[in-house]
Amino acid sequence: MPRTSVIRKTASDFRVAPNWVDYAETRNEFSWENARRELAGMPGGGLNMAFEAVDRHVPDKGDCIAFRFLGADADRVITYRELAALTNRFASLLRGLGIGKGDRLFVLSGRIPELYVAVLGSLKNGTVACPLFSAFGPEPIATRMTLGEAKVLVTTEQLYRRKIEKMRGSLPGLQHVLLVQEQGAQAADIPGTLNLARLLAESSDAFDVVPTRPEDMALLHFTSGTTGTPKGAVHVHGAAITHWATGRYALDLHPDDIYWCTADPGWVTGTSYGIIAPLLHGVTSIVDEAEFDADRWYRILQEQKVTVWYTAPTAIRMLMKAGEEVARKYAFPNLRFVASVGEPLNPEAVWWGKEALGLPIHDNWWQTETGGIMIANTPAFDIKPGSMGRPLPGIDAFIVARDEQGQVRIVEEPDTEGELALRRGWPSMFRGYLNNEERYRKSFAGDLYLTGDLAKRDADGYFWFIGRTDDVIKSSGHLIGPFEVESALMEHPAVAEAGVIGKPDETVGEMVKAFVSLKSGYAASESLRMELLGHARKRLGAAVAPKEIDFLPTLPRTRSGKIMRRLLKARELGLPEGDTSTLEGQS
Ligand code: AMP
């Protein structure tokens with residue numbers, strides 16, 4: 001297949017008429033007020049995300065399948081009517097425990113039905129939901145639950161014993177732990193925990209959804225910065241309007257779709273697009289409880305007759321690595337649209353989609369703070385492989401630069417590198433970093449939200465990702481804060497200082513690599529390296545821990561004492577060291 005710089009779309013590319021075909025006209029006609037009218041709303045101007053996602057569909061689509069969970073042993077199908085009843089039970093249960101509006105509920109589990117029921121049930125009760133990634137270790141979990149003032153935790157017995165039990169004492173605000181028993185296991189009585197299944201069975205399946213306001217806090221998603229603790233991005237019930245609009249315009253959802261979002265709800269994509277957006281459109285979602293496996297994934301696409309697939313560059317690269325012969329064993333006649341998010345999607349991957357799946361991959365861009373997709377390639381429009389696409393209806397995106405006085409100005413000239421900024425006002429924009437007003441304020445310049453990403457816009461209005469303005473690491477699509485990793489390493493008695501970088505990796509984008517210097521009395525050795533790797537993995541979990549550790553006599557620091565990660569990275573990659581005038585010891 002000849003690899004051109006543009007993949008042109010023609011009418012023969014669509015089996016289903018796309019939700020929009022005229023870029024300028026749809027953007028001109030679009031308004032968030034009109035989008036809001038697509039949702040039912042609640043008495044008195046209220047809006048509740050879970051009511052819109054679930055209960056709204058019961059009269060017309062009650063018997064349609066909301067979720068099909070593919071478990072290790074058996075599948076479980078939940079219709080919209082059943083989901084309404086289950087989430088009512090969960091909300092009743094919370095109310096019975098005295099948990100109410102604004103209280104925080106965390107979920108730590110794999111992609112099991114209870115996670116989805118707990119998040120939606122919390123939202124119905126006005127309780128703020130925060131799903132955590134189950135591959136986090138005890139430290140990232142404790143940090144987030146403490147910052148988020150967790151009152152309730154839903155987790156599995158196994159995860160509780162492995163990650164929570166020992167540190168429970170450090171979470172005095174945690175009032176209730178609701179445990180999911182493992183399949184077939186005896187309901188063990190673990191002190192200080194409640195049995196979720198038993199309580200759900202005893203709770204009423206009738207519940208009056210709390211008529212939350214659009215500005216009431218609904219979800220909390222933690223994201224990482226360069227320094228300090230993770231930041232809790234606050235999202236509100238009104239975000240559902242963006243989730244609905246982007247489900248329509250970015251993911252092209254149609255009522256009969258079978259949709260598969262491979263992201264875990266521990267990350268924002270898995271919540272916004274693995275739970276809320278597909279339900280808002282009344283489609284059937286596939287949830288695979290297992291981890292990546294090329295054969296399994298192709299089989300799911302084929303057997304489940306997936307029509308719309310939302311996945312990530314790392315997964316696509318892993319499929320590419322598995323080889324074309326694996327793909328050729330399967331056929332995907334139902335698949336009509338494939339989208340990807342989270343990291344740069346290389347042009348080869350876009351083309352690979354066309355060859356292996358019969359469809360190009362459509363890259364899109366957003367971040368935890370934006371709550372929903374902002375820039376996208378969508379079915380009706382030409383793709384420029386390597387570009388993230390164009391801003392969606394309701395979204396104005398810019399490239400900005402700072403002048404000498406530090407003033408932010410919009411760069412009009414195309415193909416100029418600068419920071420990507422968005423005009424504030426879309427409904428899913430984060431409303432704060434929890435307890436960190438100053439950091440939140442710093443993210444804005446006037447009515448522009450500054451994303452922290454470097455990009456450029458071409459003359460056709462397509463945006464191209466260049467990199468980050470900070471040191472955060474993107475590994476397998478997951479944002480990792482170097483500070484969190486450095487802090488865990490520093491807890492080891494041998495470590496004097498630690499610096500952590502993202503080292504480019506063909507498959508996972510960036511791999512977490514640490515550099516440490518040792519305290520006197522300790523000597524670098526292979527066994528110490530293994531010990532440090534194990535130490536970090538135990539505390540941080542596999543998702544965050546470094547994969548490589550190197551020893552250095554000292555780490556480069558600025559004169560003000562900050563470790564120069566940029567320099568560590570340049571040295572690691574053999575790149576020019578750039579401006580080192582602030583390096584300590586430099587005259
Ligand atoms: P997160 O908040 O964890 O979703 O991470 C958001 C960050 O991921 C963005 O600020 C970008 O740096 C990166 N990102 C997301 N989507 C893309 C994309 N399509 N291309 C390149 N980078 C992306």
Side-chain angles (χ1 to χ4, degrees), residues 131-133 136 140 144 219-226 230-235 239 246 250-251 261-274 310-317 338-347 349-350 353 360-378 383-392 395 397 399 417 419-422 428-430 433 443 449-457 462-482 484 502 504 508-510 512 543-544:
L132 289 179
F133 194 41
F136 278 155
R144 285 159 180 76
L219 293 158
L220 187 57
H221 283 294
F222 284 92
T223 183
S224 298
T226 310
K231 300 171 283 182
V234 171
H235 288 285
T246 50
L251 298 178
C261 169
T262 58
D264 190 284
W267 306 94
V268 72
T269 307
T271 306
S272 294
Y273 296 100
Y310 195 20
T311 189
T314 293
I316 292 165
R317 288 190 293 262
V338 183
S340 152
V341 72
E343 345 149 35
L345 183 70
N346 12 353
V350 178
I361 316 282
H362 293 71
D363 189 17
N364 64 48
W365 178 96
W366 59 292
Q367 52 180 201
T368 304
E369 287 84 346
T370 71
I373 304 169
M374 301 282 108
I375 294 175
N377 288 288
T378 63
I383 298 176
K384 296 190 185 186
S387 156
M388 316 188 282
R390 290 182 290 176
L392 288 172
I395 303 301
I399 299 298
E417 186 176 323
E419 187 169 357
L420 177 62
L422 303 164
S428 68
M429 190 186 84
F430 70 137
Y433 286 124
S443 312
Y449 163 63
L450 306 171
T451 67
D453 278 4
L454 293 172
K456 59 185 182 184
R457 195 192 70 246
Y462 282 70
F463 282 76
W464 299 76
F465 179 82
I466 292 172
R468 291 281 311 181
T469 57
D470 59 16
D471 292 336
V472 291
I473 299 161
K474 256 286 158 124
S475 191
S476 300
H478 305 145
L479 202 67
I480 296 170
E484 199 166 17
V508 298
E510 287 185 311
V512 181
V544 184

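Numbering of ligands and ligand atoms starts at 1, following listing order.
Residue Phe465 holds the heavy atom nearest to atom 22 (N) of ligand 1 of all those in Phe465, Phe222, Phe463.
Heavy-atom distances between Pro344 and ligand 1 reach below 4.0 Å in at least one pair. Proximity of Trp267 to ligand 1 is not established, as no heavy-atom distance is less than 4.0 Å.
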Between Trp267 and Phe136, is a ring pair (Phe, Tyr, Trp, His ring centres under 6.0 Å) present by the stated rule, with each step listed? CA-CA 11 Å; Trp267 306 94; Phe136 278 155; 5.7 Å; yes
Under the side chain to side chain contact (heavy atoms under 4.5 Å, CB included) criterion, do Leu345 and Val350 qualify, and how do the steps go? CA-CA 7 Å; Leu345 183 70; Val350 178; 3.7 Å; yes
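Here the side chains of His221 and Phe430 are not in contact, with every heavy-atom distance at 4.5 Å or above. Contact check for Ile399 versus Phe463: side-chain heavy atoms found under the 4.5 Å cut-off. Counting heavy atoms from C-beta outward, Leu220 and Arg144 have side chains that stay 4.5 Å or more apart.
Considering backbone and side-chain N/O atoms, Thr451 never comes within less than 3.5 Å of an N/O atom of ligand 1. An N or O contact shorter than 3.5 Å is missing between Ser340 and ligand 1 by distance. Any N or O atom pair closer than 3.5 Å counts here, and Asp453 shares at least one such pair with ligand 1. Distances between N or O atoms of Gly342 and those of ligand 1 include at least one value under 3.5 Å.
Here the heavy atom of the protein found nearest to atom 18 (C) of ligand 1 is Glu343 O, 3.4 Å. Regarding atom 10 (O) of ligand 1, its nearest protein heavy-atom neighbour is Gln367 NE2, 2.8 Å. Of all protein heavy atoms, the one lying nearest to atom 7 (C) of ligand 1 is Lys474 NZ, 3.7 Å.
If you look at His478 next to ligand 1, there are no close heavy atoms at all, none under 4.0 Å. If you look at Asn364 next to ligand 1, the close heavy atoms, those under 4.0 Å, all belong to the backbone.
In summary, the side chains of Thr314 and Ser476 do not present any donor paired with an acceptor at a separation below 3.5 Å, with no hydrogens or angles considered. For Tyr449 and Thr370, the side-chain atoms include no donor-acceptor pair closer than 3.5 Å.
Here the rule is side chain to side chain contact (heavy atoms under 4.5 Å, CB included) with Trp366, and of Thr246, Leu422, Val341 only Val341 fits it.
Annotation for ligand 1: atoms under 4.0 Å from non-hydrogen atoms of Thr368 are 1 (P), 2 (O), 3 (O), 4 (O).
Of the charged side-chain nitrogens involved, at least one lies within less than 4.0 Å of a carboxylate oxygen, so that Glu343 and Arg317 count as a salt-bridged pair.
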